Amino acid sequence: QTSREMVARSAATLITHPFHVITLRCMVQFIGRETKYSGTLSAFATIYREEGILGFFAGLIPRLLGDILSLWLCNMLAYLINTYALENGVGFAPRSGPRPHFGGIQVLLLLPQVSTMTEMKSYSQAVTGFFASMLTYPFVLVSNLMAVNNCGLAGGLLPYAPTYSSWLDCWSQLHREGNMSRGNSLFFRKVPAGKRYVWE
């Protein structure tokens, strides 16, 4: 089942990645107040004219790797929790309705609380998905940076962002700077060492 999900998710990522690239670049162009990408069709034409077919798949490899790793981690953790934590500690409740008699002795049948078990499994799936997304966030970060890397927008060039030769170069540089989780927090932002930001 996980293998089928992996193939389906990879195919979906491959098909939708050009739109993902265009979306990121349309957002990044606000940094330099540019209007290079003014619409979907014009963005397709601009990327194809300047970068060719490969331009639509900038940052695809780390995104694919992150999706596949996240899927396997999520399903594996959910399976372990559901199998060894929930099912072994399942509660039981008496079954409603008439109870059978054997030799004049009324027998109490115990059935698992199926509804509670189903709810717990759905919660475990959500929790494991959250942790898997946290662990694979560096792949998302690298993919997004490569999607706008050296694309002609101010936000993808110095001084806003360095130019990377490949996604492995981007990964290694972020790792050296300790910025692999940059932007992962909803409420806190980490200022890189040696840099200062001034409000305008």
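Bear in mind that the values here come from a model prediction, so they are computed numbers and not experimental data. Numbering of residues begins at 1 and proceeds along the displayed sequence.
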Any side-chain heavy-atom pair from [X] and [Y] closer than 4.5 angstrom?
X: Leu174; Y: Pro138; result: no
X: Arg9; Y: Ile68; result: no
X: Phe30; Y: Thr35; result: no
X: Arg63; Y: Val140; result: no
X: Thr13; Y: Leu60; result: yes

Residues two or more places apart in sequence or in another chain: which of them pass side chain to side chain donor-acceptor pair (under 3.5 Å) with Thr23?
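Side chain to side chain donor-acceptor pair (under 3.5 Å) list for Thr23, sorted by chain: empty.
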Pairing residues for Thr163 by the side chain to side chain donor-acceptor pair (under 3.5 Å) criterion, not counting sequence neighbours
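Thr163 satisfies side chain to side chain donor-acceptor pair (under 3.5 Å) with no other residue.
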Might you point out which heavy atoms bring [X] and [Y] nearest each other, and give the distance in Å?
X: Ala161; Y: Gly155; result: CB-O, 3.6 Å
X: Ala154; Y: Gly32; result: CB-CA, 4.1 Å
X: Val21; Y: Ala58; result: CG2-O, 3.7 Å
X: Gly183; Y: Tyr137; result: C-OH, 3.2 Å
X: Gly156; Y: Val28; result: N-CG1, 4.3 Å

For [Y], does its backbone N or O pair with a side-chain atom of [X] as donor and acceptor, under 3.5 Å?
X: Lys36; Y: Cys151; value: yes
X: Glu34; Y: Leu153; value: no
X: Ser10; Y: Val7; value: no
X: Asp169; Y: Ser165; value: yes

Worked verdict on Ser3 versus Trp72 for side-chain contact (heavy atoms from CB on, under 4.5 Å):
CA-CA 9 Å; Ser3 299; Trp72 281 95; 4.1 Å; yes
May I ask you to check whether over 12 heavy atoms, not counting those of Leu158, lie within 6.0 Å of atom CG?
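Atom CG in Leu158 is packed in, count exceeds 12.
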Counting heavy atoms not belonging to Ile61, are there more than 12 under 6.0 Å from its CD1?
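Count not over threshold, so no.
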So that I know where these two stand, are Tyr164 and Trp171 an aromatic pair - ring centroids less than 6.0 Å apart?
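Not under 6.0 Å, so no.
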Just checking Phe19 against Phe56, ring centres under 6.0 Å apart?
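No, too far apart.
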When rounded to the nearest 0.5 angstrom, what is the spacing between NE2 in His175 and CG in Leu168?
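Going from NE2 on His175 over to CG on Leu168, the span is 13.0 Å.
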For residues [X] and [Y]: do they belong to one hydrophobic cluster (side chain heavy atoms under 4.5 Å, members Ile, Leu, Val, Met, Phe, Trp, Tyr)?
X: Leu65; Y: Leu69; answer: yes
X: Ile53; Y: Val148; answer: yes
X: Phe139; Y: Met146; answer: yes

Assess the residue pair Gln29 and Tyr37 against the criterion (side-chain contact (heavy atoms from CB on, under 4.5 Å)); give the C-alpha distance rounded to whole Å, side-chain angles, the decisive distance to 0.1 Å, and a yes or no.
CA-CA 8 Å; Gln29 70 180 355; Tyr37 303 102; 3.9 Å; yes
Show your working on side-chain contact (heavy atoms from CB on, under 4.5 Å) between Phe57 and Leu14 and close with a plain yes or no.
CA-CA 8 Å; Phe57 301 98; Leu14 188 65; 4.1 Å; yes
Is Arg25 salt-bridged to Glu50, going by a charged N under 4.0 Å from an acidic O?
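Salt bridge absent between Arg25 and Glu50.
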